[in-house]
Amino acid sequence: MDVYEAVRSRRAVRGFTDRCVPREVLERVLSAAAWAPSGSNLQPWHAYAVTGAPLAEIKKRAGERLAAGDPWDEPEYEQYPPVLKSPYRERRSAFGEQRYRALGIAREDVEARQRAASANWDCFGAPAALFCYIDRGLGRPQWSDVGMYLQTVMLLLRAEGLHSCTQMAWAKFHRTVEEVLSPPDELILFCGMSIGFEDATARDARTGRAPLDETVTFVDGPWRRHSSVP
């Protein structure tokens with residue numbers, strides 16, 4: 001698959017078939033993704049590729065917590081600022097509106113919105129998942145390195161005909177994931193990623209992107225240094 005095609009076709013898919021994702025495909029993708037860039041080659045990602053009975057157990061335990069009305073786990077990092085300023089606030093609001101409109105859910109139907117959100121903890125039906133951790137002693141630049149790693153994984157999945165959805169939602173149930181995976185204490189769960197073959201019948205919508213001039217400034221043409229001396 002052409003790189004541009006992989007980028008354009010990658011999106012957060014929230015509906016998967018139960019078709020198995022072969023182990024060799026995951027190994028091929030994750031071996032290649034290891035070449036993602038990181039500052040001083042720290043490679044700060046710690047990924048758990050989970051399928052079969054272990055993933056089913058994670059989903060089962062998460063589902064039981066939802067059914068029991070258990071509160072979310074104490075957050076280990078701040079997912080969003082308490083107050084989002086413009087234009088980020090409007091972009092987040094537009095995403096929510098598009099997402100629930102595609103599902104036929106009215107803005108005021110809180111219960112239906114909660115049901116839709118609960119699909120996160122079933123990995124939207126996906127038969128494979130990646131749980132990505134980072135050492136809690138590392139800093140912001142290393143978190144950005146993990147982001148580049150995850151993007152690399154997602155593009156390679158497209159080359160394999162697979163889709164994905166990254167989910168910070170799993171950080172809200174990080175203790176449930178830890179019960180099954182038993183990661184070292186020094187690791188913190190950043191996100192999960194659902195992986196599988198897209199269910200073409202699922203109701204979903206791809207959210208748009210801001211115009212280029214809102215996010216990119218081109219600096220070119222004649223330039224000269226301005227002296228601070230009068």
Side-chain angles (χ1 to χ4, degrees), residues 1-16 33 35-39 44-45 75-110 112-114 116-117 119-120 124 130 132 134 138-159 162-172 188-195 198 200 202-226 228:
M1 180 180 288
D2 174 81
V3 176
Y4 281 88
E5 183 183 354
V7 171
R8 283 192 295 264
S9 64
R10 186 222 61 81
R11 61 188 179 87
V13 165
R14 296 180 176 87
F16 295 88
W35 291 98
S38 60
W45 45 84
E76 296 195 292
Y77 68 92
E78 188 175 75
Q79 293 189 3
Y80 298 100
V83 178
L84 274 176
K85 64 181 183 179
S86 184
Y88 315 112
R89 179 180 62 253
E90 291 83 1
R91 290 174 186 168
R92 187 182 188 188
S93 178
F95 160 74
E97 182 179 348
Q98 284 184 274
R99 164 79 175 135
Y100 293 116
R101 185 171 62 241
L103 295 173
I105 297 174
R107 185 180 186 88
E108 63 276 8
D109 193 342
V110 177
R113 283 175 170 242
Q114 290 175 340
N120 271 287
F124 304 106
L130 193 76
C132 192
I134 184 172
L138 295 178
R140 291 181 181 180
Q142 288 74 56
W143 283 71
S144 72
D145 291 342
V146 170
M148 289 191 284
Y149 169 75
L150 292 169
Q151 173 76 339
T152 303
V153 170
M154 289 186 283
L155 295 180
L156 289 166
L157 289 170
R158 290 301 302 122
L162 293 160
H163 275 284
S164 61
C165 181
T166 48
Q167 302 161 268
M168 287 192 296
W170 276 109
K172 301 179 186 299
I188 179 173
L189 178 60
F190 171 42
C191 70
M193 180 192 294
S194 296
I195 298 171
E198 181 182 10
R203 299 172 68 182
D204 204 356
R206 184 172 193 181
T207 52
R209 293 297 185 267
L212 193 65
D213 60 6
E214 283 190 21
T215 60
V216 178
T217 300
F218 288 94
V219 182
D220 55 16
W223 178 88
R224 61 180 181 140
R225 183 183 300 275
H226 295 278
S228 60

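Only heavy atoms go into these numbers, but all of them, side chains included; no hydrogens, no water, no symmetry mates. Every value quoted in this text rests on a predicted model; they were computed, and no experiment measured them.
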Test side chain to side chain contact (heavy atoms under 4.5 Å, CB included) applied to T207 - qualifying residues, sequence neighbours left out: F95, Q98, R209
Which atom pair, heavy atoms only, marks the closest approach of Y149 to A33? CD1-O, 3.6 Å
CG of L130 to CD of Q167, rounded to nearest 0.5 Å, is 11.0 Å
Does E76 use its side chain to pair, donor to acceptor, with the backbone of I188 at less than 3.5 Å? no
With sequence neighbours left out, which residue pairs that include part of residues 77-94 fulfil the salt bridge (Lys or Arg N to Asp or Glu O under 4.0 Å) condition? R91-E214
Partner set under ring-ring contact (aromatic ring centres under 6.0 Å, His included) for F16, not counting sequence neighbours: none
Sorted by chain and residue number, the side chain to side chain contact (heavy atoms under 4.5 Å, CB included) partners of T166 (sequence neighbours excluded) come out as M154, M193
Closest heavy-atom pair, P44 versus D145, reported as atoms and distance to 0.1 Å, is CG-CB, 3.8 Å
Please list, chain by chain and in numerical order, all residues satisfying side chain to side chain contact (heavy atoms under 4.5 Å, CB included) with V219, sequence neighbours excluded. T217
Minimal non-hydrogen separation, L84 against Y88, with atom names: CD2-CB, 4.1 Å
Nearest 0.5 Å, what's the CD-NZ distance between Q79 and K172? 4.0 Å
OG1 (T152) and CH2 (W35) are apart, to the nearest 0.5 Å, by 13.0 Å
Suppose we screen for ring-ring contact (aromatic ring centres under 6.0 Å, His included). Which residues come up paired with Y77, at least two apart in sequence or across chains? W143, F190
Might you work through the side chain to side chain contact (heavy atoms under 4.5 Å, CB included) test for V153 and S164, ending with a clear yes or no? CA-CA 9 Å; V153 170; S164 61; over 6 Å; no
Roughly how far, to the nearest 0.5 Å, is CG of L162 from CZ of R10? 14.0 Å
Say you draw a straight line from CZ of R8 to CE of M1; how long is it, rounded to the nearest 0.5 Å? 10.5 Å
Restricting to non-hydrogen atoms, name the atom on V13 and the atom on E198 that form the minimum distance, rounded to 0.1 Å. CG1-CG, 3.9 Å
